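For reference, the structure discussed in these notes is given below.
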Amino acid sequence: MKLLRVSMSNKTIKVEEMPQDYKGLGGRGLSSAIISKEVPPTCDPLGPENKLIFAPGILTGTPLVNTSRISIGAKSPLTGGIKESNVGGTVPAALGRMGIGAVIVGERAPKGERFVLRIDEKGEANLIPAQEHKGMRTYALTERLLETYGEKNGILCIGPAGEFQFLAASIQSTDVDGRPCRAAGRGGLGAVMGSKGLKAIVVDQRSKSPDTLADAETFTEAAKVFAKAVKEQPFSGRVLGALGTAVLVAPVNAAGAFPCYNATKGSFDGWEKISGEKLAETIKERGGNPSHMGCAQCIIHCSNEFVDKQGKFVTSSLEYETIWSMGGMTGIEDLDTIARLDFLCDDIGVDTMSAGVAISVAMDAGYKMFGDGEAAIQMLEEMARGTEFGEILGNGPVAVGKHFKHHRVPVVKGQSIAAYDPRAIQGMAVTYATSPMGGDHTAGWVVGDNLAAFGGTLDPLSPKGQVEASRGSQIHTAFFDCTGLCQFAGGPSRRVPEAAEAFLRMINIKLGMQLTQDDLLKLGVRVLKMEREFNREAGFTNKDDRLARFFYEEPLPPHNKVVEVSDEEMDHTFDF
Amino acid sequence: MRVRVKLFGLLGRRFPDYDLEKGLEVEVPEGARIGELLARLEISNNEDAVVTVNGLVQKTDRTLKHRDLVYIFQSVVGG
């Protein structure tokens with residue numbers, strides 16, 4: 001495996017063998033290790049000392065299904081801490097097949113200059129001046145780049161929000177159809193890419209792996225066992241493909257855990273109009289595709305292609321979290337408007353979650369009425385134009401809260417929470433509060449442990465057992481995010497013994513190591529410790545491991561609970 | 001007596017022409033429990049279905065009343 005070091009100030013690219021320190025790592029583990037070792041924790045996230053890391057997972061680029069995932073990392077301008085944002089598409093598998101362990105983008109181009117990093121099918125990289133792409137939105141940009149470099153390329157890119165260095169800017173990734181609709185949304189990494197003067201990375205997908213697997217036959221057998229288990233699990237094999245992630249709208253609302261109207265209610269009045277079932281039915285009726293393949297090597301097909309009443313493409317993929325942020329939080333109960341907002345976010349290059357929550361904070365503060373879809377569209381357009389108010393919105397919920405002097409800002413470490421209210425699922429309070437990533441549902445998803453609908457055993461309204469559940473989930477996730485396997489394909493690695501064994505075997509073949517299941521969890525602990533240490537050196541203390549005050553003071557209907565996990569309990573989350 | 005049932009996840013697809021907005025009208029004996037309704041709909045216990053009646057999560061031994069609105073959610077496993 002090799003590292004590609006890109007100097008944006010010198011316009012040079014160096015290839016080096018994976019250093020000993022980073023061996024055995026991939027994905028989040030590798031990006032966090034590089035940041036820990038090479039980025040000064042107190043640096044300006046948008047300055048030349050920060051580095052932007054693109055690290056495919058350990059298994060990315062192998063024949064295993066659902067492994068086209070990449071961890072993008074840097075010091076986050078949104079949280080001020082270490083960040084890993086995970087995204088799929090086609091670039092991850094292409095980089096993995098080239099034997100590229102990570103692309104490390106350092107320093108920055110002179111102000112105003114823009115470049116495209118092109119990696120051809122042989123893995124050779126070049127920085128190409130791209131002044132003509134200034135300010136371009138991502139759909140037009142990727143269309144242009146695919147015309148220039150050919151359809152067999154995958155792209156990671158930023159839109160105007162990234163160029164403006166808005167703190168909620170995303171990095172967009174093209175799907176199998178070449179559309180920039182998958183997002184590394186969280187943590188404002190698009191702003192870091194913008195600060196470097198990097199507009200896009202264009203990667204040829206026709207690469208072949210130069211790293212042949214030591215025991216390809218055993219690997220292929222194990223990959224088959226694993227794929228079969230993914231297909232046989234009801235959730236990954238049937239439910240996600242039919243209804244997408246939006247299947248969660250119904251049970252989470254039923255549990256009263258769907259934060260809406262800027263987290264003042266736990267069940268959305270119009271949730272049946274924006275449910276996964278309604279979404280799939282609407283798409284199907286109009287001739288769209290409710291079961292779309294978004295990422296390379298995917299067999300789950302949780303993506304969809306939302307079309308308008310005339311059958312014309314609007315967006316892909318409309319996801320649970322976006323339906324929440326742009327629907328539930330803003331009070332908009334119309335799928336067509338939510339789909340439009342989703343498209344605009346992808347096109348402008350801004351996180352749908354942070355943007356939706358920013359809009360909902362503005363609405364809650366009285367700027368516009370909840371449910372005003374046209375106002376939400378206009379707010380996103382202000383971001384695209386870079387107006388003064390657009391900049392405030394583009395900098396996320398905290399900036400909007402400050403602007404309106406509004407107290408109810410649902411964030412942790414500056415990053416908005418996700419579509420599970422921490423008052424109705426107390427375990428999510430622990431994950432949001434203590435994750436080194438800030439408010440992040442993927443860092444330790446304990447919804448399943450809490451909702452009977454998911455076979456849960458904990459009382460979601462009680463703090464009992466929640467710290468332990470979150471700790472276990474965060475450790476597992478920190479390891480899992482190193483592997484490059486999609487979280488939706490992860491079920492069998494825990495629940496099906498022969499799949500778990502096959503998973504471990506494939507990791508060992510790829511790494512040339514003899515790890516045990518226990519070693520994998522140790523890796524998770526190691527990653528979390530590195531990340532916590534970086535944050536501590538950046539100035540974070542346990543006082544930062546808290547949710548926004550209102551979560552402890554304002555009860556959430558219908559259960560009328562506040563967060564009851566005490567500060568002392570929170571502080572025991574990382575007792576290792 | 002009759003109750004109105006709405007089905008989520010892939011449960012609705014088990015019934016031809018199931019209408020998402022209207023749901024199903026189901027005839028059950030007076031004083032029937034949720035468990036009997038599930039049996040009538042051929043939703044087995046090991047499917048871990050979650051049931052709400054008039055907006056509140058209920059156990060399967062709860063007695064139903066005429067015109068109750070029953071939502072049945074399918075078990076989904078987090079990934």
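Quick caveat, the model's predicted, so the values are computed rather than measured. As a basis for the values below, the full set of heavy atoms in this structure was taken, side chains included, without hydrogen atoms, waters or symmetry mates.
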Separation between CG of A/N253 and CZ of B/F73, rounded to the nearest 0.5 Å: 8.0 Å
Side-chain heavy-atom pair A/K278, B/E21 within 4.5 angstrom cut-off: yes
Engaged part of A/E277 at the chain B interface, taking heavy atoms whose separation is under 4.5 Å: both
B/L10 versus A/A242, closest heavy-atom pair with distance: CD2-CB, 3.4 Å
B/Y71 portion near chain A, given a 4.5 angstrom heavy-atom threshold: side chain
Heavy-atom closest pair, residues B/T52 and A/A254: CG2-CB, 4.1 Å
B/E42, CD: over 12 other non-hydrogen atoms inside 6.0 angstrom: no
A/A255 portion near chain B, given a 4.5 angstrom heavy-atom threshold: neither
